[in-house]
Enquirer: 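One structure is given below, represented as structure tokens, and several questions about it will come after.
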Number of protein chains: 2
Amino acid sequence: MFLEIRHLRSLLAIRETGNLARAAERLHVTQSALSHQIKSLEQYFEAPLFLRNSKPLRLTPAGEKLIGLARQVLPLVEGAENDLRRVARGELGRLHIAIECHACFEWLAPVLNRYRQQWPQIEVDIRVGVSFEALPALQKGEVDLVISSDPLKSTDLQFAELFDYEALLVMPADHPLTRKKRIQPADLAGETLITYPVNRQRLDVFSRFLQPAGVEPAAVRQSELTSVILLLVASGRGVAVLPDWVLREAEQAGTLATRPLGPRGMKGMLYAAVRRAEFDTAYLQDFIELARRR
Amino acid sequence: MFLEIRHLRSLLAIRETGNLARAAERLHVTQSALSHQIKSLEQYFEAPLFLRNSKPLRLTPAGEKLIGLARQVLPLVEGAENDLRRVARGELGRLHIAIECHACFEWLAPVLNRYRQQWPQIEVDIRVGVSFEALPALQKGEVDLVISSDPLKSTDLQFAELFDYEALLVMPADHPLTRKKRIQPADLAGETLITYPVNRQRLDVFSRFLQPAGVEPAAVRQSELTSVILLLVASGRGVAVLPDWVLREAEQAGTLATRPLGPRGMKGMLYAAVRRAEFDTAYLQDFIELARRR
DNA sequence: TAAACATCATGAGGTAAATTCATAATGTTT
DNA sequence: AAACATTATGAATTTACCTCATGATGTTTA
């Protein structure tokens, strides 16, 4: 291929002004440059593109063919360039969020609703990270932001703190364990534990609380939805471990009680991870800001 | 605008090979050239286009935007280039024919039917030259070939002889003038002359026969269609002057008689005029060949 | 019909841009 | 850590494009 967008622009200008000199003026080049350019096109295609002895300049069928191409292509190119400029200015973009923690959906959904109003041009999507590794996906460009609770050092990823949280045991308000101020691993040995349906390694209650103490609950039951887990707990089918932000409102209803896990509580920090190169874009920073305030 | 088709091709190759070096190989440039090229694009748009630390190379949303553009634009460009090459080779083209002489339609129609079978890729059209000047239209590129009976010297037009013809007086087989071997202008003074509905200057019978002798026919009647003129003549409503090729078959039916005009007959030559730059193209030459043989 | 004008074409020369070459830098795998 | 794979960089070179000056051609005008 030989044809360049520059050629299409020149041809269109010639066609529309009907005059080499005026077309040249419009393109901010000399008439000579245009003449040379057309000549090289005609030599390459071995076909004349316009009729010299007519006023205004007329195109040959071959020239008209290229004009047709120009009319198709130039608007596309211009549109894409404008989009890209907006991408650069952070006005246009994609925010595909991967969440590693199931419960994050509870605070993320309302945050995203507010975010969408501020940034209607940003294509927002959430992927709950069950079947894939979120951080590698971020590096590969499959997603644009990961909500994670364990930051790692990386040259190409940047982690921003969002807020700290505490995982609490939640149980019916009249549960015997409410008599204790803090829960020990052994306390759960006789309980039915309700969890999200993910691998045990990814559940802090196992990896950070029960497994180190070598305790296994009496039974484990799984549910996908946070609201269903809370219902099951309220109706006495078991206990669960959930982050405090989920429980704040649920506790106020009075039917559920919460207690910290272990002597110092099972605390953690949530982070937003993004690719370092994109960290400074306005629409990402704004999401992080909104997420912090929840 | 800055983006060129070359850039789109590079991006697509990078995207499809997932590797700068392989993309460079495919594009027949060095890996360094591609790296520089991408860098300049990224500087221009002030946005990264692909993620360096991923294998295979992945594009950023901005890069994907450009890939989308490339996928739209490159096939269009390639298609147009191929079409143009075919135009240059004369496989593809346009043959809009203007005819100055009304009667030419009679032989042109069957010629074009044959022509269309040989050149299905050529867009064929006929314009009967009543409301416009055919040769200027040819120069302006509005039409591609003109059938004309008077060639003129021109730097940008080329005339090719088609065949000679003779204009004959046609009348009913039992008309009194059939007693004469040749017709003189004065012979028509008492006749109703049937002509095509065009300006008298463009009718040879006036410009070359009656007007030089200062003769005016008893009446003039006009009809658009050759077949209607012949019917009118056959039913005794008048006489007409038509080229021999029209009359060859009509005469054989026996109801019409023809006679030459003037002492040496009113003879002429038909030409095909085309733009000099296009004269040598195969599809035009082939039309001329077919027209000569009729 | 020549002169003035308008317009496109051409060739030489300069400039900027794109490419190559050689090698550094970086990240990945063993 | 060493070997490897891959991209980035800087300098040199080549190429492509543009401008300038002017020629050529066709068209109006006096």
Enquirer: Between B:Ile288 and B:Ala272, what is the shortest heavy-atom contact and its length?
Expert: CG1-CB, 4.1 Å
Enquirer: Just verifying a value: how many Å separate B:Asp204 CG and B:Phe206 CZ, rounded to the nearest 0.5 Å?
Expert: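 Going from the CG atom of B:Asp204 to the CZ atom of B:Phe206 covers 11.5 Å.
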Enquirer: Pairs under 3.5 angstrom, nitrogen or oxygen only, protein versus nucleotides 13-15 of chain C, please.
Expert:
none

Enquirer: Looking only at non-hydrogen atoms, find the nearest pair between A:Tyr115 and A:Asp286 and report the distance.
Expert: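 So the minimum-distance heavy-atom pair works out to CE1-C, 4.3 Å.
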Enquirer: What is the distance, rounded to the nearest whole Å, between atom CD of B:Glu4 and atom C1' of C:dT19?
Expert: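 Taking CD of B:Glu4 and C1' of C:dT19, I get 16 Å after rounding.
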Enquirer: Can you see whether A:Tyr44 engages B:Arg85 through a side-chain donor-acceptor pair at a distance of less than 3.5 angstrom?
Expert: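 On atom types as modelled, these side chains qualify, holding a pair under 3.5 Å.
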Enquirer: May I have the distance from A:Arg6 (atom CZ) to C:dA16 (atom C1'), rounded to whole angstrom?
Expert: 13 Å
Enquirer: Is any side-chain nitrogen or oxygen of B:Asn19 closer than 4.0 Å to OP1 or OP2 of D:dT7?
Expert: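 Answer yes for this pair, as a side-chain N or O of B:Asn19 is under 4.0 Å from OP1 or OP2.
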Enquirer: Pick from B:Leu34, B:Asn19, B:Leu27: which one makes a side chain to side chain contact (heavy atoms under 4.5 Å, CB included) with B:Ile14?
Expert: B:Leu34
Enquirer: List the atom of B:Leu49, the atom of B:Glu42, and the distance in Å for their closest heavy-atom pair.
Expert: N-OE2, 2.7 Å
Enquirer: Using a 6.0 Å distance limit plus a 45 degree cone around the ring axis, check whether A:Arg292 lies over the aromatic ring of A:Phe163.
Expert: no
Enquirer: Using heavy atoms and a sub-4.0 Å distance, could you list which residues of residues 24-39 of chain B are near DNA chain D? By number, please.
Expert: B:Gln31, B:Ser32, B:Ser35, B:His36, B:Lys39
Enquirer: Rounded off to whole Å, could you give me the CG-to-C1' distance for the A:Leu51 and D:dT25 pair?
Expert: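 So the two atoms are 16 Å apart, to the nearest Å.
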Enquirer: Give the C-alpha distance, both sets of side-chain angles, the deciding distance and a yes or no for salt bridge (Lys or Arg N to Asp or Glu O under 4.0 Å) between B:Glu142 and A:Arg58.
Expert: CA-CA 9 Å; B:Glu142 290 168 14; A:Arg58 294 274 314 220; 3.7 Å; yes
Enquirer: In whole Å, what is the span from the CD atom of B:Glu42 to the P atom of D:dT7?
Expert: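 These atoms are roughly 13 Å apart.
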Enquirer: Under 3.5 Å, is there a donor-acceptor pair linking the side chains of B:Gln201 and B:Ser207?
Expert: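 Checked: B:Gln201/B:Ser207 side chains show no N/O donor-acceptor pair below 3.5 Å.
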Enquirer: For the pair made of CD in B:Gln43 and P in D:dT9, what is the distance, rounded to whole Å?
Expert: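 Going from B:Gln43 (CD) to D:dT9 (P), I get 9 Å.
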Enquirer: Nearest whole Å is fine: how far is D:dC17 C1' from A:Arg9 CZ?
Expert: 15 Å
Enquirer: Over how many whole Å does the gap from B:Leu20 atom CG to C:dA25 atom C1' extend?
Expert: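 Going from CG in B:Leu20 over to C1' in C:dA25 covers 14 Å.
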Enquirer: How long is the line joining CZ of B:Phe50 and P of D:dT6, in whole Å?
Expert: 14 Å
